[in-house]
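All remarks here apply to the structure that follows.
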Amino acid sequence: MTTLSNSLRNGPDDRGFFGIYGGRFVAETLMPLILELEKAYEDARVDPSFKAELAALSTHYAGRPSALYYAERLTEFCREKSGGKFGAEIWFKREELNHTGSHKINNCLGQILLARRMGKTRIIAETGAGQHGVASATVSARFGLPCMVYMGAVDVERQKPNVFRMKLLGAEVTPVTSGAGTLKDAMNEALRDWVTNVENTYYLIGTAAGPHPYPAMVRDFQSVIGTETKEQFFAQKGRLPDAVVACIGGGSNAIGMFHPFLDDASVQICGVEAGGHGIDVENGHAASMTGGRPGVLHGNRTYLLQDDDGQILEGHSISAGLDYPGVGPEHSWLRDTGRVSYVPATDKEALDAFQICSKLEGIIPALEPSHALAQVLKMAPTMDRDKSIVVCLSGRGDKDVFSVAGYLGETM
Amino acid sequence: MTETRISRRFADCAAQGRPALVTFVMAGDPDLDTSLAIARALAAAGADVIELGMPFSDPMADGPAIQAAGQRALKGGQTMAKTLDLVRRFRESDTTTPIVLMGYYNPIYVRGSEHFVAEAKTAGVDGLIIVDLPPEADDELCLPALAAGLNFIRLATPTTDDKRLPAVLANTSGFVYYVSITGITGSAVPDAAKVAGAVGRIKRHTDLPVAVGFGVRDAMTAREIGRNADGVVVGSALVAAIAASLDADGRATAKTVSAVGDLVTDLASGVRAARAAAE
């Protein structure tokens, strides 16, 4: 550690804090289990047999490493926009090629092995877009554990294909009607289940948020994204990329992409939040770091969308995976330190990027990474041609085709 | 520990040979004025301690009844300032019944802990129960609250084992709130024998009174649980009685205050019979 005293990669501290963010703000019923989980994870992460089993599953079950792909036509498109003078190379880290179609499997494989190690016999999970729900249902099927997925009733409606997928995988999906019926309400309900069934149940949180050790643990399992990116880019170009970009809901694909690059000062790092109808529209976006302020929710202190009285707002995004009023605590810390810049992309910008990527690259991205692509479409034309941006294509867009059709006024 | 309204009230009940009746309602449910009338009715009907919920949009440890109460209060325009005002107005006519504010940390955090505990003390609040602040986070609010002369009442649960109990009890004051089940508010009826064992276990670690809650809904369970506890907490049942008394638009009716008062009268008879039944 002595040589890395200036590293941005040492967090969290032993109480689970990144600066003032993070921590363990949970009911006493859960506290002993959270401490047990922390210990189990500390043991597992240094256990060669745990690492070997996770590596084997990542290779043979999830299909890692995921490809790093040069998006040539998208690059040309941006160069034309700049009049040919500028235009960085655009590269995709293809997390959408993973089994289950998103980066979520990386975290789920790690946590299901931990659940088994802890002797837990029942899995619960929350989901927004359904990608984490599908990944949780998948690994639960693979390891023969019953799985209950909490999903906001509104999201159940707008993500029907994923709901049916989870059912096919043997999971039970409980629509949550409290609150606005979206991701935060699903998380509340999962926490209520956990408090009730704490003895036998493992809560498989899908993003790098929640009480310590979840933010650090999920980050570690997702860091394979950035680690592979670094190696693959080096193999192709013999250097580091100049920028990495990822979308942020809770921020698990982003922290997985960013973390291995934090100490590489030459790499510009950019997180893209859901700008919804626009940051100036009250409760019309889900950009907690751009339009919120610090608070405590779901076990951690972090930037939150909230009113002056500390009541949490629902937020809005075209993407069910991004409309969460909070964000992982490490992102909040990285924002305050200035190492990572966080910017919003609106619903419309994401929808445009979704279509451009589909038509130019033959890849239908999920609406979540379409926000990151929207930012890349703004950045690339301003950067020199010898620069390179890697964007995390965190999920595929099959699940979104129905809702996109709706937004575009098409009937299917 | 210096004497407080809470310690005096538990001592009075003990002197009468009975457990204290601790009642929970949500501040501002269904509206501010009715809520004040309910608080007064609770005291008049025999509630020994009043817990007032501070409504929060995301009550992660609460069951459907208390979730709905919080939503009604927020819809009615309840804010932290109004909750503190409610306590101030209650204190104008009642200077002895302890008031404990119960809820979640965020609405306090955004106000500033130091500022909030000063406001609460001035308003006449006696103690705080904050669900999502375990002892590991004592520097956030517990220590400022104790410094301001407020009691900080901690929840102990079936998962709080003997190894952890001392940490949970270390900065606890006023009383210990034993959550009788692993679960959310208003769920299963607790097993009286198990609860008695747990209360005995906690009392081996502390001289503070131990009140038992979660799942107590009528005079009979209050009597059962009260045999071995220093206090019995009733919340969801009262909140449900309020809900049942409202009109179709969720507004208070002529029955709202009396519905709560009647239930508390019944519960008060339950706690008064607790020790008699044991002997």
Side-chain angles (χ1 to χ4, degrees), chain A residues 14-17 20 22-36 38 176-180 184-185 187-201 210-212 292-302 304-314 325-326, chain B residues 54-64 67-68 70-71 73-74 77-83 103-111 116 129-137 139-141 154-161 163-165 167-168 177-179 181-185 187-188 214:
Chain A
D14 55 11
R15 294 171 66 209
F17 284 96
I20 65 162
R24 284 181 288 230
F25 296 90
V26 297
E28 174 59 24
T29 309
L30 295 178
M31 205 54 210
L33 184 79
I34 295 274
L35 295 171
E36 183 195 334
E38 182 185 7
V176 177
T177 53
S178 62
K184 98 174 159 75
D185 310 295
M187 197 148 179
N188 288 335
E189 210 56 36
L191 283 163
R192 291 182 188 117
D193 181 316
W194 200 23
V195 142
T196 308
N197 301 295
V198 64
E199 293 297 333
N200 69 345
T201 297
H212 178 64
R293 59 203 170 98
V296 174
L297 179 71
H298 293 155
N300 60 174
R301 175 161 35 225
T302 193
L304 297 172
L305 300 176
Q306 55 183 320
D307 69 14
D308 290 341
D309 213 41
Q311 306 297 336
I312 310 303
L313 302 173
E314 296 293 342
Chain B
M54 297 173 282
F56 182 48
S57 52
D58 293 78
M60 281 117 16
D62 284 303
Q67 285 177 44
Q71 288 299 318
L74 290 174
Q78 191 68 10
T79 60
M80 188 65 91
K82 287 181 181 175
T83 297
Y104 297 81
Y105 183 38
N106 196 54
I108 295 171
Y109 175 72
V110 298
R111 226 175 162 77
F116 170 79
I129 303 176
I130 308 301
V131 178
D132 52 354
L133 284 179
E136 283 79 357
D139 51 339
E140 297 277 343
L141 180 66
R154 191 96 62 195
L155 304 175
T157 72
T159 60
T160 314
D161 60 19
K163 212 174 94 205
R164 187 168 165 77
L165 254 179
V168 168
Y177 185 150
Y178 180 66
V179 175
I181 48 161
T182 57
I184 50 179
T185 50
S187 19
F214 280 42

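A quick note: this is a predicted structure, and the numbers were derived from the prediction, not measured.
- The backbone N or O of B:Ala137 sits nowhere less than 3.5 Å from a side-chain atom of A:Arg15 that would complete a donor-acceptor pair.
- Shown here for B:Ser57 and A:Ile312, the closest heavy-atom pair between the two residues is OG-N, 2.8 Å.
- In this structure, chain B has no heavy atom under 4.5 Å from any part of A:Asp307.
- Proximity to chain B (any heavy atom under 4.5 Å) is shown, for A:Thr29, by both the backbone and the side chain.
- There is no contact between B:Asp161 and chain A, counting heavy-atom distances below 4.5 Å.
- Taking the side chain as every heavy atom from C-beta outward, B:Glu140 and A:Val296 never approach each other to under 4.5 Å.
- Taking each heavy atom of B:Leu155 and A:Glu28 in turn, the nearest pair found is O-CG, 3.4 Å.
- Annotation: side chain of A:Gln306 is not in contact with side chain of B:Pro107 (no heavy-atom distance under 4.5 Å).
- Looking only at distances, no side-chain donor or acceptor of B:Arg111 sits under 3.5 Å from a matching main-chain atom of A:Asp309.
- Residue B:Pro55 touches chain A through its backbone alone, counting heavy-atom pairs closer than 4.5 Å.
- Using modelled atom types, one side-chain atom of B:Asn106 and one backbone atom of A:Gly310 make a donor-acceptor pair closer than 3.5 Å.
- Looking at heavy atoms from C-beta onward, B:Thr159 lies in side-chain contact with A:Glu199 at the 4.5 angstrom threshold.
- Looking at A:Leu313, there are no atoms closer than 4.5 Å to chain B (heavy atoms on both sides), in backbone or side chain.
- For the atom pair NE2 of A:His212 and CD of B:Glu136, the computed distance is 11.0 Å after rounding to the nearest 0.5 Å.
- Between the CG atom in A:Leu33 and the OG1 atom in B:Thr182 there is a gap of 11.0 Å [rounded to 0.5 Å].
- When atom types are taken as modelled, the side chain of A:Asn188 and the backbone of B:Met60 share no donor-acceptor pair closer than 3.5 angstrom.
- Of the atoms belonging to B:Ile108, not a single heavy atom falls under 4.5 Å from chain A.
- In this structure, no portion of A:Pro211 lies under 4.5 Å from any heavy atom of chain B.
- Residue B:Gln71 does not touch chain A at all, counting heavy-atom pairs closer than 4.5 Å.
- With a 4.5 Å cut-off on non-hydrogen atoms, B:Phe56 touches chain A through its backbone and its side chain both.
- The candidate with the highest count of non-hydrogen atom pairs below 4.5 Å against chain A, out of B:Thr157, B:Val179, B:Val168, is B:Thr157.
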